[in-house]
Amino acid sequence: MARMVQMGFALVAYAVFFATFLYLIAFVGDLPIVPVTVDRGPEAAPGIALAVNLGLIALFGLQHSAMARQGFKRWWTGIVPPAAERSVYVLAASLMLMLLFWGWRPMTATIWQVDNAIGAAALWTIFAAGWAIVLLSTFLINHFELFGLQQAWFALRDRAAAAPQFRQPFFYRFVRHPLYSGFFLAFWATPHMTAGHLLLAAGMAAWMLLAIRAEEKDLVAVFGPEYEEYRARVGMLAPGIGRTKVPRTAIPAE
Ligand SMILES: C[S@@+](CC[C@H](N)C(=O)[O-])C[C@H]1O[C@@H](n2cnc3c(N)ncnc32)[C@H](O)[C@@H]1O
């Protein structure tokens, strides 16, 4: 019975995530199909808007990074069932995004504006490609595990949790963090960059660079020399850029 509830919870968390992800696309793209976006919503004085928006970005980054750390997970799985840990994370991350959508205060000063039709179309294409890369990367890693469904399903079927696996499919052969590369493209590619949009793009970029450092520390701890060798060979966010030096531990003994 408890496992059925856990499976139900995982499905709800996944549905909430997917709806939030779709809203995020519309929010960042300032698409007229949603009521509030990065450039449309309740007004505030510039200083207040800056402080509120920075606070919202920091909260989002803090929740994401803190709950993803191994030490936190060890402590947290003493409180929540291990098979529900990822679903709780996914739900918390979605709630943080909803808080950001709700609390965001637009800052509408124009930073750049591309009026040329071909230039604007190219930027929208990069925007769409960015989101497609994000979604595709989740499937390359393991979409259903990343969003907590696999863990709940395995628990329901009385199967042991899957051991972490190091993967290098498709995009991962060229860059170590394609999902984040996709976010970079999606947040920066716009024909109309406002001050608020720039703040969101820069804030997310800063958070992603910090998140990568922490994530790679965990990946080295789990996969050891194999990941260190990968880090030295493959670029971080763009091919060939952001490789590390080959560590001594990754060089096989003669
Ligand atoms: C939200 S995903 C982001 C993955 C990656 N940072 C990216 O941008 O594509 C984070 C999870 O992916 C896992 N991960 C990252 N790179 C991996 C790889 N090459 N193989 C397997 N798991 C990986 C991390 O351990 C973490 O649990």
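Only a predicted model underlies this, so the values are computations on that prediction, with no experimental measurement involved. All ligand and atom numbering here is 1-based and tracks the order in the structure.
Side-chain contact check for Val222 versus Tyr227: every heavy-atom pair is 4.5 Å or farther apart. Residues Ser137 and Tyr172 are in side-chain contact: their nearest non-hydrogen atoms beyond the backbone lie under 4.5 Å apart. Using a 4.5 Å heavy-atom cutoff, the side chains of Met236 and Ile212 are in contact.
Between Phe187 and Phe183, the ring planes are tilted. Angles from 30° to 60° get that label. Between Phe166 and Phe223, the angle of the ring planes lies from 30° to 60°, which puts this pair in the tilted group.
Geometrically, ligand 1 and Tyr230 share no nitrogen or oxygen pair separated by less than 3.5 Å. When only interatomic distances are considered, the shortest N/O to N/O separation between His177 and ligand 1 falls below 3.5 Å.
Here the shortest heavy-atom distance to atom 14 (N) of ligand 1, taken over Thr138, Val134, Ile141, Asp218, belongs to Ile141. Here atom 25 (O) of ligand 1 lies nearest to Leu219 when heavy atoms of Ile212, Val175, Leu219 are compared.
For ligand 1, the atoms sitting less than 4.0 Å from at least one non-hydrogen atom of Arg167 are 18 (C), 19 (N), 20 (N), 21 (C), numbered in the order shown with element in parentheses. Using a 4.0 Å cut-off to heavy atoms of Pro178, the atoms of ligand 1 that qualify are 7 (C), 8 (O), 9 (O).
A 6.0 Å sphere centred on CD1 of Ile118 holds no more than 12 heavy atoms belonging to other residues, nucleotides or ligands.
Residue-ligand proximity: Gln165 is placed with a non-hydrogen atom under 4.0 Å from ligand 1.
Counting protein heavy atoms only, atom 2 (S) of ligand 1 is closest to Leu146 CD1, 3.9 Å. Counting only heavy atoms of the protein, atom 1 (C) of ligand 1 lies nearest to Leu179 CD1, 4.2 Å. Looking at atom 9 (O) of ligand 1, its nearest protein heavy atom turns out to be Tyr172 OH, 2.5 Å. Protein heavy atom closest to atom 24 (C) of ligand 1, with residue, atom name and distance, is Glu215 OE2, 3.7 Å.
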Candidate pair Trp131 and Leu24, rule side chain to side chain contact (heavy atoms under 4.5 Å, CB included), full reasoning: CA-CA 10 Å; Trp131 292 111; Leu24 180 65; 3.7 Å; yes
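Aromatic ring centres of Tyr89 and His64: separated by under 6.0 Å.
For atom 20 (N) of ligand 1, a protein heavy-atom neighbour is present inside the 4.0 Å cut-off.
Val134 and Leu179 get closest at one heavy-atom pair: CG2-O, 3.5 Å.
No part of Ser137 comes within 4.0 Å of ligand 1, judged by heavy-atom distances. The proximity of Phe171 to ligand 1, defined as any non-hydrogen pair under 4.0 Å, does not occur for either the backbone or the side chain.
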